[in-house]
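Notes follow the structure.
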Amino acid sequence: MAFPRNVAIFLLHLVLLPIAFQHCNAKGLKLDFYKKTCPGAEATVKHMMTGFMSGAPTLAASFLRMHFHDCFVRGCDGSVLLNSTRKSKSEKDAIPNQTLRGFQVIDTIKSALEKKCPGVVSCADILALVARDAVSLLNGPFWIVPLGRRDGRVSLMNEALANLPPPFANITELKASFAAKGLNTKDLAVLSGGHTIGNAHCFVFSSRLYNFTGKGDTDPSLDPKYIPFLKKKCKPEDVTTLVEMTPGNFKSFDEDYYTLITKGRGLFQSDAALLDDRQTRAYVKLQATTHGSTFFRDFAASMVKLGKVGVLTGKAGEIRRHCALVN
Ligand code: HEM
Ligand SMILES: *[C@@H]1O[C@H](CO)[C@@H](O)[C@H](O)[C@H]1NC(C)=O
Ligand SMILES: *[C@@H]1O[C@H](CO)[C@@H](O)[C@H](O)[C@H]1NC(C)=O
Ligand SMILES: *[C@@H]1O[C@H](CO)[C@@H](O)[C@H](O)[C@H]1NC(C)=O
Ligand SMILES: CC(=O)N[C@H]1CO[C@H](CO)[C@@H](O)[C@@H]1O
């Protein structure tokens, strides 16, 4: 008697599971999510971003990185924007986040949208739009952002440390870190190209210059001709100086990141590591030798994928009134 019933349940699962998964994949995000509830929301973000970017163009890089950090910790749920409370330290207080900038800009855009349509547009969606606008305003690619993310209520410092790959990660660790978010090896090669804009602090990579294996040595994978340039900028104990990711060109979104990597001039070990895997190396070489023939298209596609990682939709989470505080 039990046998056919188990079989029936098993078969039911076979039929229902793929449907459930399809639903999960779509995640309930939609292209015109705010069309009725907050028309013009996207245009407002774009308009305000254009203003902010003309005053402080270096913030663009921080917004792109912020969206990445948001999505890798608890999914793209705005958790990176929450302040610590008396009881618990939030993601903002984790080491990788100490260098994020521009939170006030997000708060300003949020208050404008709250005036326009209170309690409707999530902080997680604002961040996804701001990252897109930041890249396209630096003459990078444009992509359509599926919307409808809701905001999480939890943000934990230790989860940021556990989920964000460190700059000294090797290729195996990087691939595993991306795979854990449903992103493949190509996404890793493509999204690492985000390092075509912005700056890094000397302390992030200075061990590669001064003490790579604890013997006062340099990283052999770093172009020896590049080392004097970096040493001149970064003294051993420097904790404040910024170095351009792609010197001379860090404000333009283009394929020069890949060209530098082929020359052994990636700033972090995680950048150089892209040469240690057949697939990522092939991607780096392709973009370097074809002036980024597919980079923009690929970046747009991988950003849309990144923006869907672990999103809250429907009735999950909330729409925060202030991006730094849960309701
Ligand atoms: C693959 C693993 C990655 C590692 C290990 C990594 C690590 C880092 C580190 C350590 C910094 C320097 C922060 C500082 O010193 O201020 C940085 C900067 C940056 N990262 Fe990444 N990152 C990774 C992937 C990504 C991805 C996927 C994106 C976006 C698509 C991204 C975008 C950026 C940007 C734009 C900056 C410059 C930020 C600024 O100028 O303020 N990174 N990254
Ligand atoms: C969040 O924290 C920042 C930095 O500590 C502070 O400037 C800001 O006022 C806080 N925001 C809120 C809404 O409490
Ligand atoms: C990468 O790092 C992990 C852990 O730190 C180590 O076990 C592994 O051997 C390394 N892989 C490579 C390819 O270097
Ligand atoms: C280099 O690293 C080793 C091991 O971590 C440490 O003992 C040594 O003091 C470092 N040297 C310098 C010059 O920082
Ligand atoms: C932007 C931000 O909130 N940065 C914080 C990162 O963490 C340190 C302490 O660990 C804080 O002092 C910063 O304010």
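These numbers were taken from a predicted model, which means no experiment stands behind them. Atoms within a ligand are numbered from 1 in the order they appear, just like the ligands themselves.
Identified under the side chain to side chain donor-acceptor pair (under 3.5 Å) test for residues 138-156, with sequence neighbours left out: Asp125-Arg149, Arg153-Glu318. Residue pairs that meet the side chain to side chain donor-acceptor pair (under 3.5 Å) test with at least one member in residues 157-172, sequence neighbours left out, are Arg74-Glu159, Asn163-Lys181. Pairs passing the disulfide bond (SG atoms under 2.5 Å apart) check and including a residue from residues 173-231, sequence neighbours excluded, read Cys202-Cys234.
Checking Ser192 against Asp271 by side-chain atom types alone, no donor-acceptor pair falls below 3.5 Å. A donor atom on one side chain and an acceptor atom on the other are found under 3.5 Å apart for Arg101 and Thr58. There is a side-chain donor-acceptor pair under 3.5 Å between Tyr283 and Asp298.
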Pair Asp238-Thr241, side-chain hydrogen bond (donor to acceptor under 3.5 Å, both in side chains): steps then yes or no: CA-CA 7 Å; Asp238 188 332; Thr241 305; 2.4 Å; yes
Derivation of the salt bridge (charged side-chain N to carboxylate O under 4.0 Å, His left out) call for Lys46 and Glu42: CA-CA 6 Å; Lys46 169 89 182 287; Glu42 249 189 278; over 6 Å; no
Ring pair (Phe, Tyr, Trp, His ring centres under 6.0 Å) evaluation trace for Phe178 with Phe72: CA-CA 9 Å; Phe178 273 60; Phe72 261 52; 5.0 Å; yes
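With hydrogens and angles ignored, the 3.5 Å screen pairs a side-chain donor or acceptor of Arg208 with a backbone N or O of Leu267. Remark: the backbone N or O of Glu173 is not paired with any side-chain donor or acceptor of Ser177 at under 3.5 angstrom.
Residue Ser192 has no nitrogen or oxygen atom sitting less than 3.5 Å from a nitrogen or oxygen atom of ligand 1, judged on distance alone. Every N/O-N/O distance between Lys92 and ligand 2 stays at or above 3.5 Å. At least one N or O atom of Arg101, backbone or side chain, sits closer than 3.5 Å to an N or O atom of ligand 1.
Counting heavy atoms closer than 4.0 Å to ligand 1, residue His67 contributes nothing at all. Of the heavy atoms in Leu191, both backbone and side-chain atoms come closer than 4.0 Å to ligand 1. Contacts of Ala61 with ligand 1, taken as heavy-atom pairs under 4.0 Å, involve both backbone and side chain. Contacts between Leu325 and ligand 2 below 4.0 angstrom, taking non-hydrogen atoms only, involve the side chain exclusively. At a 4.0 Å heavy-atom cut-off, ligand 1 does not touch Thr58 at all.
Counting atoms of ligand 1 from 1 in the listed order, those under 4.0 Å from a heavy atom of Gly198 are 37 (C), 40 (O). Which parts of ligand 1 touch Leu174 is read off a 4.0 Å heavy-atom cut-off, strictly below it: atoms 1 (C), 2 (C). For ligand 2, the atoms closer than 4.0 angstrom to any heavy atom of His322 are 13 (C). Near Pro167, the atoms of ligand 1 lying under 4.0 angstrom from a non-hydrogen atom of the residue are 5 (C), 10 (C). Residue Pro166 approaches ligand 1 through these ligand atoms, each under 4.0 Å from one of its heavy atoms: 5 (C). Of all atoms in ligand 2, listed by their number and element, those nearer than 4.0 Å to a heavy atom of Asn83 are 1 (C), 2 (O), 3 (C), 8 (C), 10 (C), 11 (N), 12 (C), 14 (O). Those atoms of ligand 1 with a heavy atom of Asn199 less than 4.0 angstrom away are 37 (C), 38 (C), 39 (C), 40 (O). Listed by atom number, the atoms of ligand 1 under 4.0 Å from Phe178 heavy atoms are 1 (C). Close approach to Phe268 involves these atoms of ligand 1, each under 4.0 Å from a residue heavy atom: 7 (C), 8 (C), 9 (C), 10 (C), 11 (C), 12 (C), 17 (C), 43 (N). Close approach of ligand 1 to Gly194 (heavy-atom distance below 4.0 Å) involves ligand atoms 35 (C).
Residue Lys35 holds its NZ atom at 13.5 Å from CG of Leu147, rounded to the nearest 0.5 Å. With rounding to the nearest 0.5 angstrom, the CG atom of Leu286 is 12.0 Å from the OG1 atom of Thr262.
Considering each of Met303, Gln269, His195, His69, the one bringing a non-hydrogen atom nearest atom 21 (Fe) of ligand 1 is His195. Residue nearest to atom 26 (C) of ligand 1, selected from Phe68, Phe205, Phe299: Phe68 (by heavy-atom distance). Residue nearest to atom 10 (C) of ligand 1, selected from Asp271, Leu267, Val204: Val204 (by heavy-atom distance). Closest heavy-atom approach to atom 3 (C) of ligand 1 among the candidates Ala134, Ser62, Pro165: Pro165.
Each of Phe268, Phe205, Tyr258 was checked for a ring-ring contact (aromatic ring centres under 6.0 Å, His included) with His195, and the lone residue meeting it is Phe268. Among Met48, Met66, Met49, the single residue meeting the side chain to side chain contact (heavy atoms under 4.5 Å, CB included) criterion with Val130 is Met49.
A salt bridge is absent between Arg281 and Asp276: the closest approach of a Lys/Arg side-chain nitrogen to an acidic carboxylate oxygen does not fall below 4.0 angstrom.
Relative orientation of the Phe295 and Phe253 rings is parallel, given thresholds of 30° and 60° on the angle between their planes.
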Hey, what polar pairs (N/O, under 3.5 Å) does ligand 4 make with protein?
| from | atom 1 | to | atom 2 | distance (Å) |
| --- | --- | --- | --- | --- |
| ligand 4 | 2 (O) | Asn211 | OD1 | 3.4 |
| ligand 4 | 2 (O) | Asn211 | ND2 | 2.4 |
| ligand 4 | 11 (N) | Asn211 | ND2 | 2.8 |
| ligand 4 | 14 (O) | Asn211 | ND2 | 3.3 |

